[in-house]
2 protein chains.
Amino acid sequence: MTRPLRADAQRNRERLLEVAAQAFAHDGPQVSMDAIAKQAGVGIGTLYRHFPTREALVEAAYRKELARLCDAAPGLLETMPPDRAVRAWMDLFVEYMSTKRGMADALRAVIASGGNPFAQSRDRLLGAVTTLLHAAADAGSVRTDVRPEDVLVGLGGISLATADPAQAEQAARLLDLLMDGLRHRPT
Amino acid sequence: MTRPLRADAQRNRERLLEVAAQAFAHDGPQVSMDAIAKQAGVGIGTLYRHFPTREALVEAAYRKELARLCDAAPGLLETMPPDRAVRAWMDLFVEYMSTKRGMADALRAVIASGGNPFAQSRDRLLGAVTTLLHAAADAGSVRTDVRPEDVLVGLGGISLATADPAQAEQAARLLDLLMDGLRHRPT
DNA sequence: ACGCTAACCGGAGACTCCTCCGTTTTGCAA
DNA sequence: TTGCAAAACGGAGGAGTCTCCGGTTAGCGT
């Protein structure tokens with residue numbers, strides 16, 4: 001299964017991603033799907049076959065950049081103590097989500113529908129969190145009985161709840177609170 | 001300002017709320033606005049004048065029940081130690097949000113648009129959280145430097161991020177984590 | 001009782017999302 | 001080359017959201 005795409009399909013797919021990334025950056029994350037399709041010179045049907053939902057398109061368009069976020073984790077661990085690295089990465093996460101506003105919505109849609117369309121990025125994110133948490137746990141600065149999935153979903157929740165740029169400080173306070181929870185020693 | 005509604009407007013408003021509550025309960029939170037208007041025997045225009053967005057309607061329809069949630073706080077404080085009361089109320093909050101699924105979406109929309117259409121319910125919720133937190137702080141079981149708004153938004157975030165009923169356990173673990181953060185003594 | 005105006009009503013219409021399916025194209029096999 | 005299925009294309013259309021504005025009505029002042 002998943003035989004290679006036909007040449008024309010491949011071309012269209014790439015064109016769509018290119019146009020989408022540009023459109024999101026230029027017109028905000030709520031540009032109409034029709035507009036993207038038109039600009040890419042394909043019909044709406046084609047767009048929807050490649051990306052069945054708006055979220056799928058957003059995810060695909062941002063996948064590369066999101067990978068960069070994940071890849072940042074090891075670097076942080078090299079330049080600061082593990083617990084500070086965890087906290088620093090959390091900031092990056094929330095900042096990323098609020099920059100690419102469409103991302104937060106996509107994230108939520110996937111969370112809500114327990115979706116696997118996100119599986120790829122999700123796994124990657126989970127990997128980054130796990131790495132950070134393990135390092136901090138080894139250093140004895142966070143507890144060991146917390147699941148990385150929970151931390152990831154928690155970060156998602158904070159991003160969702162503080163989507164408004166005016167709430168950046170509140171987001172930071174919530175991250176601090178989360179960190180404090182992670183440091184807590186169960187009695 | 002806010003002179004009393006004209007008699008017919010008042011009637012329509014009430015009729016709409018009645019029908020909406022019923023429709024949400026019966027057909028899920030995504031029933032079409034048209035359907036609600038039709039069932040209430042008014043035009044869509046009328047519906048939208050009274051409730052400018054879907055979220056406003058949801059909020060109004062659930063306002064009473066939400067008040068009950070808030071009113072539950074003092075009772076909890078009477079029957080258990082303050083910190084356990086806080087935690088118990090958190091469960092109620094999340095459960096409520098997941099029961100009235102439309103509520104979570106409304107909550108988010110309001111958070112995102114920093115809206116005051118929610119102001120009424122928000123104040124009430126904030127009051128409940130404040131009461132609980134103060135009681136627990138007085139008893140020395142949670143720290144004193146945490147803002148009730150942050151806790152409320154945090155609860156909202158957890159609700160949003162664990163909207164899927166299958167994530168109930170994860171929600172509980174996140175609430176535990178939040179509680180641990182609240183208990184933490186800043187060094 | 002009766003005007004009159006501010007406030008309300010309601011549906012047509014502009015948009016968007018997404019689906020469905022007849023038409024077109026690709027590229028393998030003969 | 002040529003034929004031909006399988007795969008991809010693309011737009012018409014159903015459904016929904018929300019806006020706009022001409023028509024209607026309530027209820028105050030006389």
Side-chain angles (χ1 to χ4, degrees), chain A residues 1-20 23-24 26-61 101-103 105-106 108-110 112-113 115 117-118, chain B residues 1-20 23-24 26-61 101-102 105-106 108-110 112-113 115 117:
Chain A
M1 43 193 58
T2 65
R3 69 177 63 205
L5 280 180
R6 231 168 68 175
D8 53 344
Q10 177 70 19
R11 257 197 316 277
N12 278 337
R13 186 170 210 285
E14 261 153 36
R15 186 92 217 287
L16 280 169
L17 277 178
E18 211 172 294
V19 168
F24 287 140
H26 188 273
D27 301 323
Q30 80 296 12
V31 270
S32 85
M33 299 294 265
D34 289 81
I36 292 176
K38 188 164 291 176
Q39 193 162 359
V42 305
I44 312 101
T46 301
L47 201 179
Y48 274 94
R49 196 161 349 85
H50 283 295
F51 309 101
T53 67
R54 177 188 212 78
E55 284 71 36
L57 177 59
V58 173
E59 196 270 338
R101 278 286 280 98
M103 202 65 194
D105 276 348
R108 174 173 141 284
V110 167
S113 64
F118 237 80
Chain B
M1 48 186 54
T2 65
R3 68 177 64 204
L5 281 180
R6 229 169 69 177
D8 53 342
Q10 177 71 19
R11 255 198 315 277
N12 277 338
R13 187 170 209 287
E14 261 153 37
R15 186 92 218 288
L16 280 169
L17 277 178
E18 210 172 295
V19 168
F24 286 142
H26 188 273
D27 302 324
Q30 80 296 9
V31 269
S32 86
M33 300 294 264
D34 289 81
I36 292 176
K38 189 163 291 177
Q39 193 161 0
V42 306
I44 314 100
T46 301
L47 200 178
Y48 274 93
R49 195 159 352 81
H50 283 295
F51 308 101
T53 66
R54 177 187 213 79
E55 284 70 36
L57 177 60
V58 173
E59 196 269 336
R101 278 285 280 99
D105 277 348
R108 175 173 141 284
V110 166
S113 64

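Worth saying up front: this structure is predicted, and the values here are computed from it rather than measured. Throughout, a chain's letter reflects where its sequence line sits, starting with A, and its residues are numbered from 1.
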Completion exercise
DNA chain D nearest-nucleotide lookup for Arg54(B) and Gly45(B): closer to the 5′ end is Arg54(B)

Practice task
Round to a whole Å and report the spacing from CD of Glu55(A) to C1' of dT16(C).
Solution key: 14 Å

Handout entry: Leu17(B) side chain near Phe51(B) side chain, heavy-atom distance below 4.5 Å
Key = yes

Handout entry: OP1 or OP2 of dA8(D) under 4.0 Å from side-chain N/O of Asn12(A)
Key = no

Practice task
Would you please confirm or rule out a distance under 4.0 Å between OP1 or OP2 of dG10(C) and any side-chain N or O of Thr46(B)?
Solution key: yes

Handout entry: Distance below 4.0 Å between His50(B) side-chain N/O and dC8(C) OP1 or OP2
Key = no

Problem - Gap between atoms CZ and C1', on Phe51(B) and dT19(D) respectively (whole Å) - result: 18 Å

Problem - 5' priority, DNA chain D, between Ala9(A) and Met33(B) [closest heavy atom] - result: Ala9(A)

Interface polar pairs with nucleotides 25-29 of chain D, N/O, under 3.5 angstrom:
{"from": "dT25(D)", "atom 1": "O2", "to": "Arg6(B)", "atom 2": "NH1", "distance (Å)": "3.4"}
{"from": "dA26(D)", "atom 1": "O4'", "to": "Arg6(B)", "atom 2": "NE", "distance (Å)": "3.4"}
{"from": "dG27(D)", "atom 1": "OP1", "to": "Ala7(B)", "atom 2": "N", "distance (Å)": "2.7"}

Handout entry: DNA chain C contacts made by residues 34-41 of chain B, counting heavy atoms under 4.0 Å
Key = none

Problem - d(CG, Leu47(B); P, dG16(D)) in whole Å - result: 14 Å

Practice task
Measure the distance from CG on Asp27(B) to P on dG16(D) and round it to the nearest whole Å.
Solution key: 12 Å

Which atom pairs, donor and acceptor, lie under 3.5 Å between side-chain atoms of residues 26-45 of chain B and protein residues at least two apart or in another chain?
{"from": "Ser32(B)", "atom 1": "OG", "to": "Ala35(B)", "atom 2": "N", "distance (Å)": "2.9"}

Handout entry: Spacing between Tyr48(B) atom OH and dC21(D) atom C1', to the nearest angstrom
Key = 18 Å

Fill in the blank from the handout: side chain to side chain donor-acceptor pair (under 3.5 Å) filter on Glu18(A), not counting sequence neighbours, yields none

Completion exercise
Taking for Arg49(A) and for Ile44(A) the nucleotide of DNA chain C with the nearest heavy atom, the one nearer the 5' end belongs to Ile44(A)

Practice task
Find out whether Leu57(B) and Phe24(B) are in side-chain contact, i.e. whether some heavy atom of one side chain is under 4.5 Å from a heavy atom of the other.
Solution key: yes

Fill in the blank from the handout: The complete set of side chain to side chain donor-acceptor pair (under 3.5 Å) pairs with one or both residues in residues 4-15 of chain A, sequence neighbours excluded, reads Arg6(A)-Asp8(A), Gln10(A)-Glu14(A)

Exercise for the section: Check the distance between dT17(D)'s P and Gln30(B)'s CD and give it to me in whole angstrom. Expected result: 10 Å

Exercise for the section: Let me know the distance between CG of Leu16(B) and C1' of dC9(C), rounded to the nearest Å. Expected result: 12 Å

